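Everything on this sheet refers to the single structure shown next.
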Number of protein chains: 2
Amino acid sequence: MSWNIDQDSISLLAPELPEIVVRRYCLLRKIYYCSPIGRRSLAAYFNMGERVVRREIDILREQGFVAIERKGIVLTTAGKSMVKSIMPCLKSFLGLTALEERLLELLKIRRVIVVPGDLESDAVVLLEMGRAAARVLRECLEPDMVLAVSGGTSCAAVADMLSEAPAPPGITVVPARGGLGEVVDYQANTIAARVAQKLRSSYRLLHLPDSLSQEALQMLLREEKVREILDLINSARVLLHGIGTAEEMARRRGAGLREMGRLREKGAVGEVFGVFYNDSGDVVDRIPGLGLYLEELSGHVENVIVVAGGRKKAKAIAAVAGNHSRDLLVTDESAAREILQVEEGDNLEGGSDIFVPGRLPREGDNLSRS
Amino acid sequence: MSWNIDQDSISLLAPELPEIVVRRYCLLRKIYYCSPIGRRSLAAYFNMGERVVRREIDILREQGFVAIERKGIVLTTAGKSMVKSIMPCLKSFLGLTALEERLLELLKIRRVIVVPGDLESDAVVLLEMGRAAARVLRECLEPDMVLAVSGGTSCAAVADMLSEAPAPPGITVVPARGGLGEVVDYQANTIAARVAQKLRSSYRLLHLPDSLSQEALQMLLREEKVREILDLINSARVLLHGIGTAEEMARRRGAGLREMGRLREKGAVGEVFGVFYNDSGDVVDRIPGLGLYLEELSGHVENVIVVAGGRKKAKAIAAVAGNHSRDLLVTDESAAREILQVEEGDNLEGGSDIFVPGRLPREGDNLSRS
DNA sequence: CCATGTGGGACTTTTTTTGACCCGTATTTT
DNA sequence: AAAATACGGGTCAAAAAAAGTCCCACATGG
């Protein structure tokens with residue numbers, strides 16, 4: 001029998017290690033995004049005791065990663081550098097690199113990036129996903145491209161984390177669809193504009209009322225201005241989109257229980273650009289509206305960057321991101337593990353647990369998070 | 001300012017980690033070589049509390065690396081496999097790979113292998129060095145070679161750790177010099193025979209009285225049998241030798257304080273094949289005797305495997321193993337760090353400490369070791 | 001048959017960790 | 001300007017973990 005012990009052998013010798021490393025890394029990462037921040041805020045955020053946080057911070061301070069100021073805890077230069085550069089090392093240490101490879105094989109797409117942590121229990125993971133996706137996005141950009149972006153918190157995070165630096169010339173950013181009734185920060189229009197601003201590119205928007213009848217849509221299609229933007233959108237060569245769960249989307253549309261029941265009946269698990277997919281990736285429903293038609297995108301779309309995380313979206317991700325050689329997936333650890341567990345009945349081994357810094361909540365805990 | 005944080009970043013996040021890993025590894029390694037062995041023996045050997053050992057063993061048992069039997073602690077299959085395969089990973093984790101590269105550059109020799117630990121405080125390190133050297137030795141062997149070995153504990157360890165498997169045909173093992181008065185187990189003759197046995201090769205020995213006058217040596221030289229073996233020795237294409245410190249050698253020769261003082265005066269720090277070297281690698285003295293003449297070895301020697309460890313031998317190693325492109329050095333962590341610190345005024349960074357499992361000795365401790 | 005070394009159990013002491021405070025101050029909000 | 005908030009730091013006791021120190025029953029080997 002051959003024992004395949006490689007870079008993870010250290011964690012086998014010190015099984016308590018991953019927990020420690022993850023806890024400190026999460027703290028560091030949170031401080032990175034939220035500094036200056038206080039002990040109590042951190043403790044509340046991660047559901048840890050205040051004293052535990054203090055101890056960890058002391059260690060991090062001794063290591064020179066954080067400095068303590070009157071306003072709160074901040075990262076030192078070394079700390080910032082650490083957060084930025086530790087990722088590849090941490091990923092291999094936590095087995096995420098292996099996870100990426102297994103997902104790549106399972107989903108048969110071009111590229112998979114898995115970010116450590118669980119988006120649902122640590123909101124900072126969303127930002128980290130955004131940062132990773134932003135880097136991928138920049139790699140995809142070429143002169144005179146049209147980039148279409150969708151709405152949602154995930155894409156908003158990408159926009160947030162994009163560095164402010166000029167992209168190749170001639171790029172136009174457009175929303176993939178006219179506004180779906182959402183918070184303005186998460187609307188495709190808003191995100192497109194913010195992305196364009198970060199990239200120093202131009203952008204075109206498509207403002208539409210929330211719910212339109214078929215007749216109204218037909219009428220709008222005859223408008224030259226609208227037509228023009230739609231053509232632009234459908235000539236996109238790069239797509240950046242999140243994934244909605246069916247429940248989320250139905251709720252966001254203000255749909256009644258009736259409609260939600262219908263979606264569930266059809267087995268809808270994920271939504272992209274207003275199109276609902278079931279487990280197998282088939283289209284089972286769509287929201288009437290104007291914009292990009294994913295099915296019609298054939299030749300000229302080169303890269304589809306899918307960014308979504310959280311255990312709840314696992315099924316949706318697997319359904320949407322499967323079997324497209326043009327797809328690039330950016331997700332988080334919890335979603336990645338969930339997908340693999342569901343899809344291939346993951347032979348659960350020791351150490352494949354996902355570590356979260358917090359403790360079990362007790363009665364009396366304040367569960368609100370910053 | 002550029003922060004070079006790479007694979008060691010994990011240890012920066014968890015500074016207590018190297019100590020834990022090294023401790024467990026040392027325990028595992030000791031068990032590997034000495035099983036079955038009991039808690040108390042381990043505790044005494046490593047100068048640890050019995051309870052500490054018990055706890056570590058519990059963890060190692062939970063991890064499936066050791067099993068506890070009535071006769072003592074033994075390694076499981078997984079444990080054996082771990083000890084064998086963790087080495088490269090551990091080396092990079094402890095920065096030994098980097099250490100090897102720096103030594104390679106400093107000494108300008110062909111190859112450097114650094115084994116974790118300190119030979120002086122953990123005798124098992126000697127065996128580990130032997131195992132590494134044995135592997136190197138096997139790589140060097142080609143058909144019809146003559147292999148000359150020296151005496152000493154280091155070479156004895158190599159002989160011990162050599163696997164029993166046939167070497168290329170036609171190999172002859174010889175002692176590099178006639179017996180210097182030592183314990184028989186560590187004499188070159190003994191070691192040559194044991195190496196040959198492991199390699200399934202033939203061997204020739206050269207038995208000589210301890211101290212001989214010049215006249216006696218000259219007379220022996222005229223003996224055909226002796227002459228024949230000497231020719232064989234001097235046709236060696238592979239050398240395997242340890243390094244003696246001057247003190248050690250003088251003591252072993254039973255030399256009086258007078259002679260030791262003379263050696264010290266001349267600056268002798270290391271000895272190989274009865275030849276003493278000073279800091280710079282110059283020959284400052286020699287023990288009269290018959291055998292291999294290192295200086296005359298020119299063309300036909302292809303590989304010189306130097307195996308020596310321990311902080312005390314650092315200077316000797318640096319003096320002897322320098323500037324020979326044919327040299328391969330196998331040493332331990334403590335010697336390697338000491339060499340670098342002395343030779344290039346090592347800019348001491350955090351984490352470059354060498355971890356030993358024990359604690360500081362107290363009064364009342366039983367310091368004897370198995 | 002006894003000396004030695006083994007694991008396991010039990011107990012106390014010591015150290016570390018954690019929780020729960022309070023305090024003075026700087027900053028923000030009212 | 002005053003109140004409220006959030007910050008770091010300090011302190012103390014409870015709790016938990018670790019470590020030291022025994023003793024016992026059992027095997028093994030001289």
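Every chain is numbered from 1 and lettered A, B, ... according to where its sequence line falls, protein lines coming before strand lines. What you are looking at is a predicted structure, and each value in this text was computed from that prediction instead of being measured. These values consider heavy atoms only, across backbone and side chains, with no hydrogens, waters or symmetry-generated copies.
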Report all side-chain donor-acceptor pairs from residues 64-76 of chain A shorter than 3.5 Å, counting only partners two or more places apart or in another chain.
residue, atom, partner, partner atom, Å
A/Thr76, OG1, A/Gly64, O, 2.6
A/Thr76, OG1, A/Phe65, O, 3.1
A/Thr76, OG1, A/Ala78, N, 3.4
A/Thr76, OG1, A/Gly79, N, 3.1

Q | Separation of D/dA19 C1' from B/Asn47 CG (nearest whole Å) | A | 15 Å
Q) Roughly, in whole Å, what's the span from CD in A/Glu19 to C1' in C/dT17? A) 14 Å
Q) Can you name the residues that form a side chain to side chain donor-acceptor pair (under 3.5 Å) with B/Arg311, not counting sequence neighbours? A) B/Glu338
Q: Calculate the interatomic distance between B/Arg55 atom CZ and C/dT15 atom P; express it in whole Å.
A: 16 Å
**Q.** Side-chain H-bond candidate by donor/acceptor type, B/Arg131 with B/Tyr33, under 3.5 Å
**A.** yes
Q. Which salt bridge (Lys or Arg N to Asp or Glu O under 4.0 Å) pairs, counting each pair once, include a residue from residues 56-68 of chain B, with sequence neighbours left out?
A. B/Arg23-B/Glu56, B/Arg24-B/Glu56, B/Asp58-B/Arg61
Q. Which residues satisfy the side-chain contact (heavy atoms from CB on, under 4.5 Å) test with A/Ala193, sequence neighbours excluded?
A. A/Tyr203
Q) What's the CD-C1' distance between B/Glu16 and C/dT16, to the nearest Å? A) 13 Å
Q: Provide, to the nearest angstrom, the distance between the CD1 atom belonging to B/Ile31 and the P atom belonging to C/dT6.
A: 12 Å
**Q.** side chain to side chain donor-acceptor pair (under 3.5 Å) partners of A/Tyr32, counting only residues at least two apart
**A.** none
Q.
Walk along nucleotides 5-11 of chain D from 5' to 3' and tag each nucleotide B, S or - by protein heavy-atom contact under 4.0 Å, base first, then sugar-phosphate.
A. --BBBBB
